[in-house]
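Following: one structure in C-alpha coordinates, then a few remarks.
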Number of protein chains: 2
Amino acid sequence: MAARHDLTRNQTLVLDRLTRADAPVSAYGLLDQLREEGLRAPLQVYRALDKLVELGLAHRLESLNAFVACAHAHEHRADEGHATGTTAFAICETCGRVDEFHDHAVEEGLAAWAGAAGFTPRLTTIELRGRCKECQAKAA
Amino acid sequence: MAARHDLTRNQTLVLDRLTRADAPVSAYGLLDQLREEGLRAPLQVYRALDKLVELGLAHRLESLNAFVACAHAHEHRADEGHATGTTAFAICETCGRVDEFHDHAVEEGLAAWAGAAGFTPRLTTIELRGRCKECQAKAA
DNA sequence: AACGAAATGTTATTTCATTACTCTATCGGA
DNA sequence: TCCGATAGAGTAATGAAATAACATTTCGTT
(Lines give C-alpha, C1' and ligand atoms only; values in the text may rest on other atoms or scores of the structure.)
Protein backbone atom coordinates (compact mmCIF):
# COMPACT_ATOMS: atom_id res chain seq x y z
CA MET A 1 0.00 0.00 0.00
CA ALA A 2 1.30 3.41 -0.92
CA ALA A 3 2.72 5.52 1.86
CA ARG A 4 4.06 9.01 1.81
CA HIS A 5 7.53 8.02 0.75
CA ASP A 6 6.46 6.51 -2.48
CA LEU A 7 4.46 9.37 -3.76
CA THR A 8 5.50 10.42 -7.22
CA ARG A 9 7.09 13.73 -8.01
CA ASN A 10 3.85 15.46 -8.98
CA GLN A 11 2.02 14.07 -6.02
CA THR A 12 4.76 15.23 -3.71
CA LEU A 13 4.82 18.71 -5.18
CA VAL A 14 1.08 19.07 -4.78
CA LEU A 15 1.02 17.69 -1.27
CA ASP A 16 3.84 19.96 -0.20
CA ARG A 17 2.01 23.03 -1.41
CA LEU A 18 -1.17 21.96 0.29
CA THR A 19 0.66 21.30 3.52
CA ARG A 20 2.34 24.71 3.50
CA ALA A 21 -0.89 26.54 2.72
CA ASP A 22 -2.91 27.77 5.67
CA ALA A 23 -6.14 27.81 3.70
CA PRO A 24 -7.75 25.67 1.02
CA VAL A 25 -6.24 25.93 -2.45
CA SER A 26 -7.95 25.32 -5.75
CA ALA A 27 -6.49 23.02 -8.36
CA TYR A 28 -5.70 26.02 -10.52
CA GLY A 29 -4.13 27.82 -7.60
CA LEU A 30 -1.86 24.84 -7.14
CA LEU A 31 -1.10 24.79 -10.82
CA ASP A 32 -0.06 28.43 -10.73
CA GLN A 33 2.27 27.73 -7.85
CA LEU A 34 3.74 24.74 -9.61
CA ARG A 35 4.41 26.21 -13.02
CA GLU A 36 7.91 27.04 -11.89
CA GLU A 37 8.36 23.36 -11.11
CA GLY A 38 7.46 22.50 -14.64
CA LEU A 39 3.78 21.66 -14.40
CA ARG A 40 1.72 23.02 -17.25
CA ALA A 41 -1.69 21.47 -17.42
CA PRO A 42 -4.63 21.20 -15.00
CA LEU A 43 -4.73 17.49 -15.47
CA GLN A 44 -1.35 17.02 -13.91
CA VAL A 45 -2.66 18.62 -10.77
CA TYR A 46 -6.01 16.90 -10.81
CA ARG A 47 -4.41 13.51 -11.16
CA ALA A 48 -2.12 14.12 -8.26
CA LEU A 49 -5.04 15.39 -6.19
CA ASP A 50 -7.14 12.36 -7.01
CA LYS A 51 -4.42 10.11 -5.76
CA LEU A 52 -3.80 12.11 -2.61
CA VAL A 53 -7.50 12.13 -1.81
CA GLU A 54 -7.70 8.42 -2.47
CA LEU A 55 -4.82 7.88 -0.05
CA GLY A 56 -6.46 10.09 2.53
CA LEU A 57 -3.61 12.58 2.50
CA ALA A 58 -5.78 15.39 1.20
CA HIS A 59 -9.43 16.33 1.24
CA ARG A 60 -11.64 18.03 -1.25
CA LEU A 61 -13.93 20.74 0.07
CA GLU A 62 -17.00 20.51 -2.08
CA SER A 63 -18.42 23.83 -1.10
CA LEU A 64 -15.27 25.66 -2.17
CA ASN A 65 -14.04 23.52 -5.04
CA ALA A 66 -10.72 23.50 -3.29
CA PHE A 67 -8.41 21.18 -1.43
CA VAL A 68 -6.62 20.93 1.92
CA ALA A 69 -3.96 18.63 3.25
CA CYS A 70 -5.33 16.14 5.74
CA ALA A 71 -4.73 17.44 9.24
CA HIS A 72 -4.01 13.93 10.47
CA ALA A 73 -1.63 12.97 7.74
CA HIS A 74 1.07 12.15 10.26
CA GLU A 75 -1.11 9.29 11.45
CA HIS A 76 -0.89 7.64 8.08
CA ARG A 77 1.48 4.75 7.79
CA ALA A 78 2.15 2.13 5.24
CA ASP A 79 1.08 -0.65 7.55
CA GLU A 80 -2.28 0.64 8.63
CA GLY A 81 -5.63 0.95 6.96
CA HIS A 82 -6.56 4.58 6.81
CA ALA A 83 -8.87 7.38 7.91
CA THR A 84 -11.60 6.21 10.15
CA GLY A 85 -15.15 7.33 9.62
CA THR A 86 -16.52 10.54 8.28
CA THR A 87 -14.59 13.76 8.35
CA ALA A 88 -16.29 17.08 8.91
CA PHE A 89 -14.87 20.51 8.19
CA ALA A 90 -15.36 23.90 9.77
CA ILE A 91 -14.32 26.56 7.30
CA CYS A 92 -13.78 30.12 8.49
CA GLU A 93 -15.01 32.49 5.84
CA THR A 94 -13.01 35.32 7.34
CA CYS A 95 -9.50 33.92 7.69
CA GLY A 96 -9.83 30.86 5.50
CA ARG A 97 -8.65 28.41 8.05
CA VAL A 98 -10.15 24.94 8.06
CA ASP A 99 -10.65 22.79 11.10
CA GLU A 100 -11.05 19.09 10.46
CA PHE A 101 -12.96 17.04 12.98
CA HIS A 102 -14.78 13.81 13.68
CA ASP A 103 -17.90 13.73 15.75
CA HIS A 104 -19.33 10.51 16.96
CA ALA A 105 -22.84 11.81 17.55
CA VAL A 106 -23.01 13.18 14.03
CA GLU A 107 -21.74 9.97 12.51
CA GLU A 108 -24.19 7.94 14.56
CA GLY A 109 -27.06 10.20 13.59
CA LEU A 110 -26.33 9.90 9.90
CA ALA A 111 -25.79 6.16 10.16
CA ALA A 112 -29.10 5.78 11.96
CA TRP A 113 -30.94 7.78 9.34
CA ALA A 114 -29.30 5.85 6.53
CA GLY A 115 -30.16 2.56 8.18
CA ALA A 116 -33.79 3.52 8.55
CA ALA A 117 -34.02 4.78 4.98
CA GLY A 118 -32.17 1.85 3.47
CA PHE A 119 -29.62 4.22 2.03
CA THR A 120 -26.03 3.01 1.61
CA PRO A 121 -23.62 5.91 1.80
CA ARG A 122 -20.43 5.75 -0.21
CA LEU A 123 -19.10 9.21 0.52
CA THR A 124 -20.23 11.78 3.03
CA THR A 125 -19.66 15.51 2.93
CA ILE A 126 -20.07 17.69 6.00
CA GLU A 127 -18.94 21.28 5.76
CA LEU A 128 -19.72 24.18 8.07
CA ARG A 129 -18.97 27.62 6.76
CA GLY A 130 -18.91 30.44 9.24
CA ARG A 131 -16.59 32.28 11.56
CA CYS A 132 -13.91 30.77 13.75
CA LYS A 133 -13.34 31.68 17.36
CA GLU A 134 -10.45 34.05 16.67
CA CYS A 135 -12.18 35.96 13.92
CA GLN A 136 -15.29 36.13 16.01
CA ALA A 137 -13.30 37.76 18.79
CA LYS A 138 -11.60 40.24 16.48
CA ALA A 139 -14.88 41.25 14.90
CA ALA A 140 -16.50 41.99 18.24
CA MET B 1 -41.88 38.50 2.83
CA ALA B 2 -41.90 36.94 -0.59
CA ALA B 3 -44.11 33.91 -1.08
CA ARG B 4 -44.56 31.71 -4.10
CA HIS B 5 -47.20 33.83 -5.72
CA ASP B 6 -44.95 36.80 -6.12
CA LEU B 7 -42.12 35.09 -7.80
CA THR B 8 -41.13 36.72 -11.04
CA ARG B 9 -41.51 35.08 -14.42
CA ASN B 10 -37.94 33.78 -14.56
CA GLN B 11 -38.05 32.55 -11.01
CA THR B 12 -41.30 30.73 -11.70
CA LEU B 13 -39.95 29.10 -14.85
CA VAL B 14 -36.88 27.86 -13.04
CA LEU B 15 -38.77 26.59 -10.03
CA ASP B 16 -41.27 24.77 -12.23
CA ARG B 17 -38.53 22.92 -14.02
CA LEU B 18 -36.83 22.01 -10.80
CA THR B 19 -40.07 20.78 -9.36
CA ARG B 20 -40.83 18.58 -12.36
CA ALA B 21 -37.33 17.12 -12.44
CA ASP B 22 -36.78 13.92 -10.52
CA ALA B 23 -33.06 14.54 -10.13
CA PRO B 24 -30.82 17.52 -9.58
CA VAL B 25 -30.38 19.85 -12.53
CA SER B 26 -27.43 22.09 -13.27
CA ALA B 27 -27.86 25.76 -14.07
CA TYR B 28 -26.94 25.11 -17.67
CA GLY B 29 -29.33 22.19 -17.82
CA LEU B 30 -32.09 24.53 -16.73
CA LEU B 31 -30.98 27.09 -19.26
CA ASP B 32 -31.20 24.53 -22.04
CA GLN B 33 -34.71 23.65 -21.00
CA LEU B 34 -35.71 27.27 -20.84
CA ARG B 35 -34.37 28.51 -24.15
CA GLU B 36 -37.74 27.85 -25.71
CA GLU B 37 -39.22 30.15 -23.09
CA GLY B 38 -36.92 32.89 -24.19
CA LEU B 39 -34.06 32.65 -21.74
CA ARG B 40 -30.67 33.13 -23.33
CA ALA B 41 -27.97 33.70 -20.77
CA PRO B 42 -26.66 31.78 -17.75
CA LEU B 43 -27.09 34.82 -15.60
CA GLN B 44 -30.83 34.79 -15.98
CA VAL B 45 -30.88 31.32 -14.51
CA TYR B 46 -28.32 31.97 -11.81
CA ARG B 47 -30.21 35.03 -10.62
CA ALA B 48 -33.43 33.11 -10.38
CA LEU B 49 -31.67 30.30 -8.56
CA ASP B 50 -30.06 32.68 -6.09
CA LYS B 51 -33.43 34.05 -5.20
CA LEU B 52 -35.10 30.67 -4.91
CA VAL B 53 -32.32 29.42 -2.66
CA GLU B 54 -32.56 32.56 -0.57
CA LEU B 55 -36.29 31.96 -0.19
CA GLY B 56 -35.70 28.35 0.73
CA LEU B 57 -37.64 27.08 -2.28
CA ALA B 58 -34.62 25.41 -3.81
CA HIS B 59 -31.34 23.98 -2.61
CA ARG B 60 -27.90 23.89 -4.10
CA LEU B 61 -26.09 20.56 -3.90
CA GLU B 62 -22.47 21.48 -3.48
CA SER B 63 -21.11 18.09 -4.34
CA LEU B 64 -22.87 18.07 -7.70
CA ASN B 65 -22.92 21.74 -8.64
CA ALA B 66 -26.61 21.30 -9.25
CA PHE B 67 -29.95 22.28 -7.81
CA VAL B 68 -33.14 20.68 -6.53
CA ALA B 69 -36.53 22.03 -5.55
CA CYS B 70 -37.09 22.03 -1.82
CA ALA B 71 -39.05 18.94 -0.87
CA HIS B 72 -40.93 20.88 1.77
CA ALA B 73 -41.79 23.85 -0.34
CA HIS B 74 -45.49 23.38 0.37
CA GLU B 75 -44.78 24.29 3.95
CA HIS B 76 -43.65 27.73 2.94
CA ARG B 77 -46.13 30.51 3.53
CA ALA B 78 -45.97 34.24 3.36
CA ASP B 79 -46.72 34.61 7.03
CA GLU B 80 -44.13 32.31 8.48
CA GLY B 81 -40.42 32.51 8.91
CA HIS B 82 -38.84 29.74 6.92
CA ALA B 83 -36.91 26.50 6.92
CA THR B 84 -35.84 25.48 10.37
CA GLY B 85 -32.39 24.14 10.98
CA THR B 86 -30.00 22.30 8.78
CA THR B 87 -31.03 20.27 5.79
CA ALA B 88 -29.20 17.11 4.83
CA PHE B 89 -29.35 15.31 1.49
CA ALA B 90 -29.03 11.70 0.49
CA ILE B 91 -28.15 11.52 -3.18
CA CYS B 92 -28.47 8.24 -5.03
CA GLU B 93 -25.62 7.95 -7.51
CA THR B 94 -27.48 5.29 -9.43
CA CYS B 95 -30.89 6.78 -10.08
CA GLY B 96 -30.16 10.40 -9.22
CA ARG B 97 -32.94 10.81 -6.74
CA VAL B 98 -32.39 13.05 -3.77
CA ASP B 99 -33.90 12.60 -0.37
CA GLU B 100 -33.98 15.66 1.84
CA PHE B 101 -34.04 15.19 5.58
CA HIS B 102 -33.51 16.77 8.95
CA ASP B 103 -31.94 14.87 11.78
CA HIS B 104 -32.00 16.18 15.27
CA ALA B 105 -29.06 14.13 16.53
CA VAL B 106 -26.89 15.34 13.69
CA GLU B 107 -27.85 18.96 14.25
CA GLU B 108 -27.21 18.64 17.95
CA GLY B 109 -23.88 17.00 17.38
CA LEU B 110 -22.70 19.75 15.06
CA ALA B 111 -24.03 22.46 17.34
CA ALA B 112 -22.22 20.92 20.27
CA TRP B 113 -18.97 20.74 18.40
CA ALA B 114 -19.34 24.32 17.18
CA GLY B 115 -20.09 25.51 20.68
CA ALA B 116 -17.03 23.82 22.10
CA ALA B 117 -14.80 25.13 19.33
CA GLY B 118 -16.20 28.63 19.40
CA PHE B 119 -17.14 28.34 15.77
CA THR B 120 -20.21 30.21 14.51
CA PRO B 121 -21.76 28.43 11.55
CA ARG B 122 -23.48 30.49 8.89
CA LEU B 123 -24.25 27.75 6.42
CA THR B 124 -24.03 23.99 6.78
CA THR B 125 -23.70 21.44 4.02
CA ILE B 126 -24.46 17.76 4.61
CA GLU B 127 -24.57 15.49 1.60
CA LEU B 128 -24.46 11.71 1.49
CA ARG B 129 -23.74 10.16 -1.86
CA GLY B 130 -24.46 6.48 -2.25
CA ARG B 131 -27.19 4.09 -3.23
CA CYS B 132 -30.84 4.34 -2.33
CA LYS B 133 -32.94 1.47 -1.08
CA GLU B 134 -34.56 0.74 -4.45
CA CYS B 135 -31.34 0.75 -6.41
CA GLN B 136 -29.70 -1.35 -3.75
CA ALA B 137 -32.45 -3.95 -4.16
CA LYS B 138 -32.22 -3.95 -7.95
CA ALA B 139 -28.46 -4.33 -7.88
CA ALA B 140 -28.60 -7.37 -5.62
C1' DA C 1 14.62 -8.35 -22.46
C1' DA C 2 9.60 -8.18 -22.54
C1' DC C 3 5.55 -7.01 -20.39
C1' DG C 4 2.00 -4.56 -17.98
C1' DA C 5 0.53 -1.15 -14.74
C1' DA C 6 0.74 3.41 -13.28
C1' DA C 7 2.07 7.86 -14.01
C1' DT C 8 3.04 11.68 -17.37
C1' DG C 9 2.57 15.18 -20.78
C1' DT C 10 -0.12 17.94 -24.18
C1' DT C 11 -4.00 19.86 -26.62
C1' DA C 12 -8.55 20.80 -26.88
C1' DT C 13 -12.98 21.02 -25.05
C1' DT C 14 -16.74 21.07 -21.86
C1' DT C 15 -19.02 22.63 -17.86
C1' DC C 16 -19.89 25.89 -14.20
C1' DA C 17 -20.06 30.74 -12.57
C1' DT C 18 -19.28 35.71 -12.47
C1' DT C 19 -18.18 40.65 -13.95
C1' DA C 20 -19.48 44.71 -16.14
C1' DC C 21 -22.73 47.45 -18.18
C1' DT C 22 -27.36 48.91 -19.63
C1' DC C 23 -32.26 49.35 -19.39
C1' DT C 24 -36.87 49.28 -17.44
C1' DA C 25 -40.63 48.87 -14.11
C1' DT C 26 -42.37 49.71 -9.65
C1' DC C 27 -43.18 51.91 -5.41
C1' DG C 28 -42.84 55.17 -1.55
C1' DG C 29 -41.97 59.40 -0.08
C1' DA C 30 -40.91 64.70 -0.48
C1' DT D 1 -46.09 64.93 -9.63
C1' DC D 2 -41.51 64.29 -9.52
C1' DC D 3 -37.72 62.03 -7.66
C1' DG D 4 -34.88 58.42 -6.48
C1' DA D 5 -34.21 53.98 -4.56
C1' DT D 6 -34.62 49.11 -5.34
C1' DA D 7 -35.14 44.97 -7.86
C1' DG D 8 -35.40 42.55 -11.79
C1' DA D 9 -34.09 41.83 -16.58
C1' DG D 10 -31.05 41.41 -20.93
C1' DT D 11 -26.48 40.99 -23.27
C1' DA D 12 -21.68 40.20 -24.00
C1' DA D 13 -17.54 38.82 -22.48
C1' DT D 14 -14.68 36.44 -19.52
C1' DG D 15 -12.98 33.67 -15.76
C1' DA D 16 -12.63 29.34 -13.19
C1' DA D 17 -13.18 24.37 -12.61
C1' DA D 18 -12.98 19.85 -14.63
C1' DT D 19 -12.62 16.29 -18.16
C1' DA D 20 -11.80 13.89 -22.85
C1' DA D 21 -8.74 11.92 -25.91
C1' DC D 22 -4.46 10.49 -27.20
C1' DA D 23 0.54 9.69 -27.18
C1' DT D 24 4.55 8.65 -24.31
C1' DT D 25 7.47 7.41 -20.32
C1' DT D 26 8.84 5.05 -16.08
C1' DC D 27 9.56 1.20 -13.47
C1' DG D 28 8.99 -3.04 -11.08
C1' DT D 29 8.18 -7.92 -12.26
C1' DT D 30 8.64 -12.01 -14.69
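Chain letters run A, B, ... following the sequence lines, proteins first and then strands; every chain starts at 1. Values in this document were obtained by computation on a predicted structure and should not be read as measured data.
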With sequence neighbours excluded, give me every salt bridge (charged side-chain N to carboxylate O under 4.0 Å, His left out) pair touching residues 26-50 of chain B. B:R17-B:E36, B:R17-B:E37, B:D32-B:R35
Please list, for nucleotides 17-24 of chain D, all pairs of protein and nucleotide N/O atoms separated by less than 3.5 Å.
unit_1	atom_1	unit_2	atom_2	d
D:dA17	N7	A:Y28	OH	3.4
D:dA18	OP1	A:R60	NH1	3.2
D:dA18	OP1	A:R60	NH2	2.2
D:dA18	OP2	A:Y46	OH	2.9
D:dA18	O5'	A:Y46	OH	3.3
D:dA18	N7	A:Y28	OH	2.7
D:dA18	N6	A:Y28	OH	3.1

side-chain hydrogen bond (donor to acceptor under 3.5 Å, both in side chains) partners of A:Q44, counting only residues at least two apart: none
Can you list the residues that meet the side-chain hydrogen bond (donor to acceptor under 3.5 Å, both in side chains) rule with A:Q136, with sequence neighbours excluded? B:T120
In chain order, what residues pass the salt bridge (Lys or Arg N to Asp or Glu O under 4.0 Å) check against B:E62, with sequence neighbours excluded? A:R129, B:R60
Taking only residues two or more places apart in sequence or in another chain, which ones pass salt bridge (Lys or Arg N to Asp or Glu O under 4.0 Å) with B:E93? A:R122
Starting from B:I126 and following side-chain heavy-atom contacts under 4.5 Å between hydrophobic residues (I, L, V, M, F, W, Y), which residues can be reached? A:F101, A:V106, A:L110, A:W113, A:F119, A:I126, A:L128, B:F101, B:V106, B:L110, B:W113, B:F119, B:L128
Ring pair (Phe, Tyr, Trp, His ring centres under 6.0 Å): pairs with one or both residues in residues 120-140 of chain A, sequence neighbours excluded: none
When the distance from CD of A:Q44 to C1' of D:dT25 is rounded to whole Å, what number comes out? 13 Å
Give me the ring orientation class for B:F67 and B:Y46: parallel if the planes are under 30° apart, tilted from 30 to 60°, perpendicular past 60°. perpendicular
Go through DNA chain C in 5' to 3' direction and return only the first and the last nucleotide with some atom under 4.0 Å of chain B's heavy atoms. C:dC16 to C:dA20
